Structures are given as structure tokens and as C-alpha cells.
There are 2 protein chains.
Amino acid sequence: MLKHGILGLLNYGDMTGYEIMTIFRESLSHFWTAQTSQIYRELQGLENEGWITSKHVAQTGRPDKKILSITGSGKQELDRWLEDDRQFNVRLPLLMKTFFRGELDADKNIAFFRSLAKNPSVFPGGYAAAQAAADRYAAIIGDSGKALFWKFTIDFGLMYEKMLQQWCERCIRELKGMQHEHSAD
Amino acid sequence: MLKHGILGLLNYGDMTGYEIMTIFRESLSHFWTAQTSQIYRELQGLENEGWITSKHVAQTGRPDKKILSITGSGKQELDRWLEDDRQFNVRLPLLMKTFFRGELDADKNIAFFRSLAKNPSVFPGGYAAAQAAADRYAAIIGDSGKALFWKFTIDFGLMYEKMLQQWCERCIRELKGMQHEHSAD
DNA sequence: TGGGTCATGTAACCTGTTACATGATTAG
DNA sequence: CTAATCATGTAACAGGTTACATGACCCA
């Protein structure tokens, strides 16, 4: 996944690993976490596969850099990956923990859901910042059709956050209902 | 995550690896995928940590089995994990692909969102089956407080699916809007 | 003089994926 | 007779996490 994400970014234009990292932080990181070290490792993998090539550029006053470009076979691989519509493996750590929270007492659980509803999980920097970053890059990419899909992922994040809040409220209501039943015994 | 999920299941009562696997398929697998082989590997890890113990039971007519039990330190570890409310790493493969779908043409993308909206992603066996499994195990666990959290995860799945459908419809509308603009040129 | 930016990684470890392996009993 | 159920794994590889490493420039 990450490998193809990086390939997708390089498809917008040539970049250094450092630039990939900074764009990644403002875009893909909203739905995929990765450390800098992993990005550099994946870049080596992409080069080994022949999907990207690199050009060493000496600089004075700042570190030398490696400019990376997608190759023809890299573009082909990106398209192949995009066309593959199989379902993806689910992985929601939040639910894994929720599932077993019956071990903890109701007050702790209510506090948990309250804090979850309050803290934005998808855009820690806020929706506006995410949208601003998307607009900034849309101008660079210069293709409104491509930028639209960036926006779609931001829309998803917003809708997800709203849904999460509703779910939290519902869980809190049901937990409070249980508490009442108990005190009525 | 998986390690602690297995620990949580063993906290309901003693089980064999095989039983963990079957319960897993009807519960945790809705938000976490894992192969049988990984479950057995994690079980070895749990035993190495001293969080579970095993008892070999010889059987005639069917394979011998290993009955697993959570230990005191295992229960402690489970609680420690549950109390740790740090945010989790996000990982939404669906959005990774969506982000770059601008490479494909609008018709393909509309078809993609249509199929996504139609096919239930969280409960491939249907909501009713998931709920039935939860009820069945609730009777076994015999603790309505714990069963409530199982239900919460199913509620989440339902709300997520509805949200996903709305998102798909919205994306389709915007893509169609773009097509109109083009044909009006 | 201290922190942020630019710029690159290595190493060890842990977790997830894919493929393979075995074999008896029981229900249709 | 054949498929499902019970019951256990190993091996190799791919991908993600954590910790560590270097160093010059520029701005406050």
C-alpha cells in the first residue's frame, strides 16, 4: 500500500525523498501512518523493482539530494494497482479495544467515549488545514480532476468523524441506561 | 493488537486454539483480519510471556488438544492494555486507492463507487448473522455488561456502512457534475 | 547559542501474509 | 464417497515500528 502511495505521489512529478515525506504528512498521513525511515526503505524497494529511477544532485550550502522519477513500468504498475478493486483487509484498532472494554467500569467507559467524541481523530490539525493543503497542491498538480479525489478523502474524514461522534453518544446513552437499571435494583 | 485480542477472548474462559479461531471469525474478524497460522504463532508468544498457560489433553477419535488459560499476569496485561487510551495508527486502504483514482477515467470511478456502496464491507455475512453470533456468545459469557460492547462494535459496523454509502453517493454526484461541465464546453 | 529546516539513511525487531502440511471422524 | 469439522502447526517473506545517526545552514 505505502509503496504504491509513494509511486502515486511521484506520478505527479519528480521529487526527493524529503519532499515525498512532507507531502505525505499533509495528505496520505490522514489515513495511513508511516515513519520517515520506512519511506526511504520503500524508495529503495521501488528502485530495485525498476519502478523509479534516481539522479544524484550535488548542492552547496545544503545536503546533496536524490531526485526521483517514476519510470514507464512504474506508471504501469500504478495503473495495475488502481484497477485492482479487490476488497481490502480491515483493521480498526479502536474497535479491538472497545470490544473488551466491558472489563472496565462504566464511568471509565463513559469518559472514554466522551474523549473520543471530543478529539478529532482524522485531522489532528483541523479540517481547514487539511483542505488548505489540498488546495495548495491542487494548484501545483494543475489538474482539477485529480485534486477532486484528494478532496474526496477529506470528505470521508469529515463524515467519519461525525459518525464517530454519533456512535459515541449512542454508546454513552446505553451505558447510562445500564447504570440506571442497576441503581433501580 | 491481535495478541491482546486473543488474551481478551481467553479471559472469557479456557479455550483451545481452534475455539479461539472460530470465535475470532464471528467477532473480531469484522474489524481485524488474521490467518489461523498467525493465531497459533501469537499463542506461542503469549505463552512465552507467561500471560497464558497450556494443558495438553489426549483425545481418542480426534486430534489431541491444548487447553489454554489466562494467567494472573495475563489478566494484568489485558487491563494495562485496556487502560492505555492513546490514539491508534490509522490505516484505511480504501482511501489510499481513492486518493489516486484521478488517474482513471470518470466512468470507471463511478462504477467503483457504485459497487462499493452496494457491497457490504463490514459484515460480508450480513448484519443479522453478526448479531446472532453476538447473542449466542452473550449467553455463554453470561455477562450482559460485557456483551454490550460486542454489540457496540456491531453498531459501529452498521453506522460505518451507512456513512460509506452516503460518501459514495456524494462522490458519484460530484463526478457526474464534472462530466456535465466538460460536455458543456 | 539553540531550534527548525533540509537531506539522507541503517539496524533490529515485531507483526501480518502466503503457502504448505497432516490426518481421523462424522454427516449427508 | 466426499466434504466439513476438529486440531495442530512450520517456513519464508513482506511490511510496519522503534531507536539511532549525521551535519550544515538560517533565523531569532
Side-chain angles (χ1 to χ4, degrees), chain A residues 1-7 14-26 28-29 31-49 51-52 54-68 77 81 84 86-93 96, chain B residues 1-7 14-26 28-29 31-49 51-52 54-68 77 81 84 86-93 96:
Chain A
M1 269 297 150
L2 180 60
K3 210 168 249 170
H4 290 91
I6 293 172
L7 207 51
D14 295 356
M15 280 177 234
T16 66
Y18 189 78
E19 285 171 304
I20 289 170
M21 192 194 74
T22 52
I23 298 181
F24 181 91
R25 282 201 192 130
E26 289 185 302
L28 309 183
S29 74
F31 44 81
W32 202 275
T33 53
Q35 301 314 117
T36 308
S37 60
Q38 202 191 343
I39 291 176
Y40 280 104
R41 190 178 51 178
E42 297 299 343
L43 284 171
Q44 286 178 343
L46 288 167
E47 201 167 355
N48 291 342
E49 298 276 0
W51 295 337
I52 64 172
S54 65
K55 202 173 62 179
H56 184 94
V57 176
Q59 294 192 121
T60 50
R62 46 193 62 218
D64 290 1
K65 59 185 178 182
K66 253 170 94 175
I67 296 179
L68 306 160
E77 171 59 22
W81 174 72
D84 179 5
R86 273 175 305 181
Q87 273 303 126
F88 320 107
N89 285 346
V90 192
R91 191 140 281 145
L92 294 164
M96 186 66 103
Chain B
M1 268 299 151
L2 181 59
K3 211 168 246 169
H4 289 91
I6 292 172
L7 207 51
D14 294 357
M15 279 179 236
T16 66
Y18 189 76
E19 286 173 303
I20 290 171
M21 191 194 74
T22 52
I23 298 181
F24 182 92
R25 281 200 194 133
E26 289 185 301
L28 308 183
S29 73
F31 44 80
W32 201 274
T33 53
Q35 301 314 116
T36 308
S37 61
Q38 203 191 345
I39 291 177
Y40 280 103
R41 189 177 53 178
E42 297 298 343
L43 285 172
Q44 287 179 343
L46 288 168
E47 202 168 353
N48 291 342
E49 297 275 2
W51 296 336
I52 64 172
S54 64
K55 202 171 63 178
H56 184 92
V57 176
Q59 293 191 122
T60 51
R62 48 193 59 218
D64 290 0
K65 59 185 178 183
K66 256 171 95 176
I67 297 180
L68 306 160
E77 172 60 22
W81 175 70
D84 179 4
R86 273 175 305 182
Q87 274 302 123
F88 319 108
N89 285 345
V90 192
R91 190 139 283 143
L92 294 164
M96 185 67 102

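Keep in mind it's a predicted model, so treat the numbers as computed, not measured. Order of the sequence lines fixes the chain letters, A, B, ..., with proteins taken first and strands second; residue numbering starts at 1 for each chain.
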For this session: Please list residues of residues 15-24 of chain B whose heavy atoms come under 4.0 Å from any atom in DNA chain D, ordered by number; otherwise none.
Result: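 Nucleic-acid contacts, sorted: B:Thr16, B:Gly17, B:Tyr18.
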Exercise. Taking C-beta and beyond as the side chain, do B:Pro93 and A:Phe31 meet within less than 4.5 Å on heavy atoms?
Worked result: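 A side-chain contact under 4.5 Å is absent here.
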Exercise. Hey, does B:Met1 have a side-chain heavy atom less than 4.5 Å from the side chain of B:Phe88?
Worked result: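 They are in contact (side-chain heavy atoms under 4.5 Å apart), so the answer is yes.
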Nearest-Å distance, [atom1] ([X]) to [atom2] ([N])?
X: A:Ile67; N: C:dC6; atom1: CD1; atom2: C1'; result: 14 Å
X: A:Glu42; N: D:dT17; atom1: CD; atom2: C1'; result: 13 Å
X: A:Trp32; N: D:dG16; atom1: CH2; atom2: C1'; result: 9 Å
X: A:Ile39; N: D:dG15; atom1: CD1; atom2: P; result: 15 Å
X: A:Gln44; N: C:dG9; atom1: CD; atom2: P; result: 6 Å
X: A:Asn48; N: D:dA14; atom1: CG; atom2: C1'; result: 14 Å
X: B:Glu49; N: C:dT15; atom1: CD; atom2: P; result: 9 Å
X: B:Leu43; N: C:dG16; atom1: CG; atom2: P; result: 13 Å

For this session: Return the set of residues passing ring-ring contact (aromatic ring centres under 6.0 Å, His included) with B:Trp81 (not counting sequence neighbours), or none when no residue passes.
Result: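 B:Trp81 satisfies ring-ring contact (aromatic ring centres under 6.0 Å, His included) with B:His4 once adjacent residues are dropped.
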Exercise. Could you write nucleotides 18-28 of chain C as a row of B, S and -, 5' to 3', where a protein heavy atom under 4.0 Å of any base atom gives B, of only sugar-phosphate atoms gives S, and otherwise -?
Worked result: BB---B-S---
Problem set entry | OP1 or OP2 of C:dG16 under 4.0 Å from side-chain N/O of B:Arg91 |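 Indeed not, no polar side-chain atom of B:Arg91 lies that close.
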For this session: Check whether any side-chain N or O of B:Gln59 sits under 4.0 Å from OP1 or OP2 of D:dC6, and answer yes or no.
Result: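 For D:dC6, OP1/OP2 do not have a side-chain N/O of B:Gln59 under 4.0 Å.
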Problem set entry | Residue from A:Thr22, A:Ile20, A:Ile6, A:Leu68 passing side chain to side chain contact (heavy atoms under 4.5 Å, CB included) with A:Met15 |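 In the set A:Thr22, A:Ile20, A:Ile6, A:Leu68, the residue that makes a side chain to side chain contact (heavy atoms under 4.5 Å, CB included) with A:Met15 is A:Ile20.
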When you measure from the side chain of [X], which nucleotide among [options] comes out closest?
X: A:Arg41; options: C:dA12, C:dT8, C:dT17; result: C:dA12
X: B:Lys3; options: D:dA7, D:dT17, C:dT15; result: C:dT15
X: B:Tyr40; options: D:dA7, D:dG16, C:dT15; result: D:dA7

Can you give me the closest heavy-atom contact between [X] and [Y], atom names plus distance?
X: A:Pro63; Y: A:Gln59; value: O-NE2, 2.6 Å
X: A:Trp32; Y: A:Phe24; value: O-CZ, 3.2 Å
X: B:Leu2; Y: B:Ala34; value: CD2-CB, 3.8 Å

For this session: Using the test side-chain contact (heavy atoms from CB on, under 4.5 Å), find all partners of A:Thr33 that sit at least two apart in sequence or belong to another chain.
Result: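 Scan of A:Thr33 (side-chain contact (heavy atoms from CB on, under 4.5 Å), adjacent residues dropped) gives B:Asn89, B:Arg91.
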Exercise. From B:Lys66 NZ over to B:Thr16 OG1, what is the distance, rounded to the nearest 0.5 angstrom?
Worked result: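 These two atoms lie 11.0 Å from each other.
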For this session: Enter the distance from B:Lys3:NZ to B:Glu77:CD here, rounded to the nearest 0.5 Å.
Result: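 Spacing of NZ (B:Lys3) from CD (B:Glu77) equals 9.5 Å.
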For this session: Enter the inter-axis angle for the ends of the helix from C:dT1-D:dA28 to C:dG28-D:dC1 (five pairs per end, rounded to 10°).
Result: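 If I round to tens, the end axes sit 40° apart.
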Listed pairs under 3.5 Å, donor-acceptor, residues 35-49 of chain B side chains, sequence neighbours left out:
residue: B:Tyr40; atom: OH; partner: B:Tyr18; partner atom: N; Å: 3.4
residue: B:Glu47; atom: OE2; partner: B:Ser54; partner atom: OG; Å: 2.8
residue: B:Asn48; atom: ND2; partner: B:Gln44; partner atom: O; Å: 3.4

